[in-house]
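For reference, the structure discussed in these notes is given below.
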Amino acid sequence: MNAFTTETVDGIARVVFDLPQEPVNKITAGVRAELDVLFNQLRGDANVRAVVLISGKPENFIAGADIDEFVRLKSSDEALQLVRGGQELVNRFGQLDKPVVAAIHGACLGGGLEAALACAYRVATDHPKTQLGQPEVQLGIVPAAGGCQRLPRLIGVRAALDIILAGKVVPARRAYRLGMVDELVHPAILEQVAMGAARRLADGWKPKRRGRGVMGALLDGNPLGRRVVFSQAEKQVRKRTGGHYPAPLAALDAIREGLQRGIDAGLKREASHFAELGLGDVSRHLVQIFFATTALKKDVGIAGEAPASKPVENLTVVGAGFMGAAIGGTAVLRAAVDVRLRDTSIERVKAGVHGAQKILRDRLKRRRLTKYEYRRLEALISGGTDWAGFGRADVTIEAVFEDLDVKQQVFRELDAVVGDDCVLASNTSTIPISRIAEATRHPERVIGMHFFSPVEKMPLLEVIVTEQTAPWATVTCVDFGRRMGKTVIVVRDRPGFWVNRILAPYLNEAGRMIGEGVPIEDIDKAMKRFGFPVGPVTLLDEVGLDVAHKASLVMHQAYGDRLTPVVGLSRMLDAGRLGRKNGRGFYQYDKGKRKDVDQSVYEVFDVDPRPVPDLDIEKRLVFAMLNEAAQALDEEVVRSPRDGDIGAIFGIGFPPFRGGPLRHLDDLGAAHVVETLERLAQAYGDRMTPAPILQDMAASNRRFHPTT
Amino acid sequence: MSSSIPGSRVALVGGCRTPFCKSGTVLKDIPAVDLARLATVELVHRMNLDGALVDEMFFGQVVPSVLTPNLAREVSLLPQFPTSIPAASVNRACASANSAIAHGADQISHGYAEVVIAGGAESLSNVPILHSKRFSETLVSLSKAKSIGERLKLVAGIRPRDLVPVAPAIAEPSTGETMGQSAEKMAKENRISREDQDTFALRSHRLAAAGTDDGRLTAEIAPVFAPRGDTISADNGIRTDSTLERMAQLKPVFDRRYGTITAANSSPLTDGASAVLLMSEDAATTLGYAPLAYIKSFAVAALDPGEQLLMGPAYAVPKALDRAGITWRELGLVEMHEAFAAQVLSNIQAFESKKWAQEKLGRSEPIGEVNRDTLNVMGGSIAIGHPFGATGGRITLTLANEMVRRDVQFGLISVCAQGGMGFAMVLERR
């Protein structure tokens, strides 16, 4: 392997990093060995006065350490050895007897940034692809090649904590403002500027770095201020992670240690945290999710030979309500496609156009869009009451009222106004796509695109395929969904699809518990403790009780008694309670802010709430979901356990640190799960009977995911 | 069918416009360029047009913003189109959109373009207000000043009267006569009575109201969703409650004592935009479009602005008819731009006058007799409004649509313009 080529011009060694056969530069064992030799050569070479490190990749500096290497680690000792080696190597960037300048264009992440931080000077390009950051905690580990030491020293404790504890990646411009890089230049002069800086550094120039201002001196610059900063940060981290994610606290500890006891002590602490966390369950699960989402990004959506996806430039949306507008706005924002909204009244169209524009305007306000980008994108949103623009649509998404007749009527009309190669998608959450397709001449181009609300924020998209859906339609929607910024899973057209399917027994069980008098707070708290972002009762309020009720009827009809709807829910509706949307649900609302549980709910359910200590709250809820997930996977609702886990994590917020429901089943072991479910079935009813697939797996000691 | 324009025949495939709204009302917060963009986006959708097919764009604007001097280019940079579409803004005063369409037609007939978008826009709510000359000079000097002392001295030299803004007037630069004064002069010289003017204006409102009620006018309108506020889907200057009696009570504006020109018999200052889609006949056929009409001929003319300023049509129309090889009698519909009722009536007088034809055109016979039943059948600029740069697009589109509805073979457009100019165009249905 020859990842580095060096050329010395006028005393400056220009070292080009270009890892062969890889799209990006990463720090592998081979790279480390080669660098080691390179450093020795540079040290001994009297002709070299300074060094410039630059990437040979078109749009990448160094993406980070090699994750595969990290995954293969078998023991803490091995991990410790790996990380100490890495630290020593990075140290050499700073300890070489000649200055090293990092010339950064493209992603500079993790170990890549740590190497850059160890250099004497950093020049970055002002280019959207140039991004710097320490995303380690997102994989459950800490920056352990000096990142926890050098970043706070360079940019101040507060800014460093902000980046490291959240695993942030920042654009070059912001990195420059923070002081992470010394200069921001046009890509065309990157090398020239870096070479110039190297030359000056060799001549003894000491670059001046900006001071940190009054607040900086007050908070970052002295031990007392730092203590305040650390305790604030710790509080925030605990609140954000619910105590489920150890990495941010470990990083905080390594930063504190380094500032108190010096850089060597800090490095030691980084290394020990890394070695411990890297082999822990949380990190393993987060890495698995990372691999799964990475694989999903390349998955075209069908197995075997796949046709090319149709390029989507024009999207039309039928139904300019809340969902339709949000789908349109998100499509414009993310994919910059032309969006035409259609609804029956001009006032509804206006509301939809404004709703879609609002998504852009929010980004403008948060400075994620420039006013020029905003102006360009805003022109892509239009609407009308007729079918104008549908003739040029590549994809059309229906988001009208959840009623089969209404939807079939829409699809009949669509069938006549769109071109023959336009995909017809429905955003239904409860109606079988195959039934909708019956209304068209070309059922093979009918598909489901099930977005979650709020569309601009929720990361998941379920693409629902029927028996008849053509492969070209599937790959087109998967590709388009991804361009809209979504993680896309392809799901079979079974009632509830995947996400609502596994959610149904879980929400049902929560409803049952309320009917039994279990306090609502206890139910929600139990699930937050388990790691869900919100509890099931809060979720019901958010989704809307009318929507949830309608879905529960569909699910009951499809899957029988085990999903018998809770009587209390329909009584809630009779009492005019729709959830957050009308300010009356299980909780009370004041001007859109959620308050306490509405005590009168118990009257609707005709029970007296009484806290009962061990009521298996967590087990009943979680196992209801796990059991359904296993059953649905067995019915091939999702194509793989991978898709099922990602769908649950991104669609419902299943705790990522548990790796997803199917991963969690594996971790618990099928035998244990079956045993628990049998016990729950005895105590609470047949609906908890373990799914046949779980019984088989328990008997033959099988798992969903292969062991790693 | 042969065309009097050499080369390919030019098809008018479709078009649309924003509502035309009185300046300072509901469209006042939308700059002309955005109105033009709105109309064009809607055109793309209504025509199911693939933006990549467009070769060129021309848009008319009379009072451009200094921030977007070439409005047309901002339209062609809409994300619905590739960035490679050249675009020019055209100023032929009130006939600007007509000229934009004519330029597009030229490109197509020459074979230089297959598909052209043309139109125009004006926001008279957003006219640039200028600083006084002294204040402007001070600002320029300030930007060049080197020391604080120098700057202070310049600032100290500013007098309150220097800060009074200067609004551009709608006056002839060559004569200093305002448009209204010109109309007043024409009314007097041609003996157009106040009553005739008011009657014509009332007719304009009534016909426009009918065209709005039965949806013929509104069908051409792209609704505007104001950023905060209502949906604007119809013109807001058309009056359904006017009567001759009420109009008679208005005071003349330009000659308060003996004048006849009032707000009621003139076109109002208006905001709006229009856009039409032009194609070569072959391109329209290939792409499967059914054109509304074809451009048979057009002509422009100019006269001394010191004479009757708005008589340009009386010179341009016979030229266009000659080029089309038809006579006035063959026209099934006529759309005349209504700057002022006095101007329309003066031009009609000229069209029908043998004397005028002899003296001004050296022809023995009058241009033609104007049949009121086929003139401005859905009203005109007096009622609908007159965004200078956009009106030509409206007139062209309205004429073509009505030619389809009535199955008329030939239609005429006549527009008077500042500077003593006139524009005329003949459309043919088949």
Side-chain angles (χ1 to χ4, degrees), chain A residues 311 313-317 320 325 328 331-333 335-343 345-358 360-361 364 369 371-394 396 417-422, chain B residues 13-16 18-19 26 30-31 33-54 67-68 71 73-83 215 218-234 273 275 277 287-290:
Chain A
E313 286 173 17
N314 302 314
L315 170 71
T316 50
V317 179
V332 168
L333 176 67
V337 292
D338 188 41
V339 170
R340 180 76 177 184
L341 302 173
R342 192 260 181 188
D343 211 313
S345 86
I346 196 75
E347 289 309 309
R348 287 179 65 88
V349 173
K350 179 187 77 176
V353 167
H354 282 173
Q357 285 172 343
K358 188 174 180 300
L360 297 181
R361 230 179 0 256
L364 178 70
L369 285 180
K371 66 176 180 181
Y372 302 101
E373 287 164 336
Y374 173 79
R375 185 171 161 70
R376 182 176 163 76
L377 294 179
E378 192 201 25
L380 289 167
I381 304 169
S382 70
T385 52
D386 52 18
W387 296 105
F390 278 72
R392 58 200 286 277
D394 302 304
T396 184
V417 292
V418 300
D420 281 345
D421 58 349
C422 176
Chain B
V13 176
C16 73
T18 69
V26 287
I30 309 177
V33 59
D34 286 2
L35 291 172
R37 285 160 66 103
L38 275 167
T40 306
V41 167
E42 188 67 17
L43 177 70
V44 165
H45 285 290
R46 292 191 180 185
M47 294 288 100
N48 280 314
L49 180 68
D50 175 359
L53 295 170
V54 178
L67 300 176
T68 45
L71 171 142
R73 181 56 176 139
E74 301 314 312
V75 177
S76 84
L77 281 171
L78 273 168
Q80 280 80 4
F81 304 102
T83 51
T218 43
E220 294 168 4
I221 296 178
V224 173
F225 306 118
R228 281 173 298 273
D230 301 328
T231 307
I232 306 142
S233 44
L277 178 61
L287 296 169
Y289 286 99

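Lettering follows sequence order; numbering is per chain, from 1.
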| query | By side-chain hydrogen bond (donor to acceptor under 3.5 Å, both in side chains), which residues pair with B:Gln80, not counting sequence neighbours? | reply | A:Asp338
| request: Please round to the nearest 0.5 Å and tell me the distance separating atom CZ of A:Arg392 and atom CG of B:Asp50. | output: 7.5 Å
| request: Could you tell me whether the side chain of B:Arg46 and the main chain of A:Ala388 form a donor-acceptor pair under 3.5 Å? | output: no
| field | Largest heavy-atom contact set with chain A, pairs under 4.5 Å, which of B:His45, B:Glu42, B:Met47 | value | B:His45
| field | Over all atoms of both residues, closest heavy-atom pair of A:Lys350 and B:Phe225 | value | CB-CD2, 3.3 Å
| remark: Honestly, the part of B:Pro79 sitting under 4.5 Å from a heavy atom of chain A is both
| field | Rounded distance [0.5 Å steps], CZ in A:Arg375 versus CZ in B:Arg37 | value | 4.0 Å
| request: Counting only heavy atoms closer than 4.5 Å, note whether B:Ala226 contacts chain A via side chain, backbone, both or neither. | output: backbone
| Which bit of B:Leu38 comes within less than 4.5 Å of chain A, counting heavy atoms only: side chain, backbone, both or neither? | neither
| query | Does atom CD of A:Glu373 have more than 12 heavy-atom neighbours, drawn from other residues, nucleotides or ligands, at distances under 6.0 Å? | reply | yes
| remark: Heaviest contributor of heavy-atom pairs below 4.5 Å to chain A, chosen from B:Leu49, B:Thr40, B:Leu78, B:Leu77, is B:Leu49
| said: Minimum heavy-atom separation for B:Asn48 and A:Gly391, please, with both atom names. | reply: OD1-N, 2.9 Å
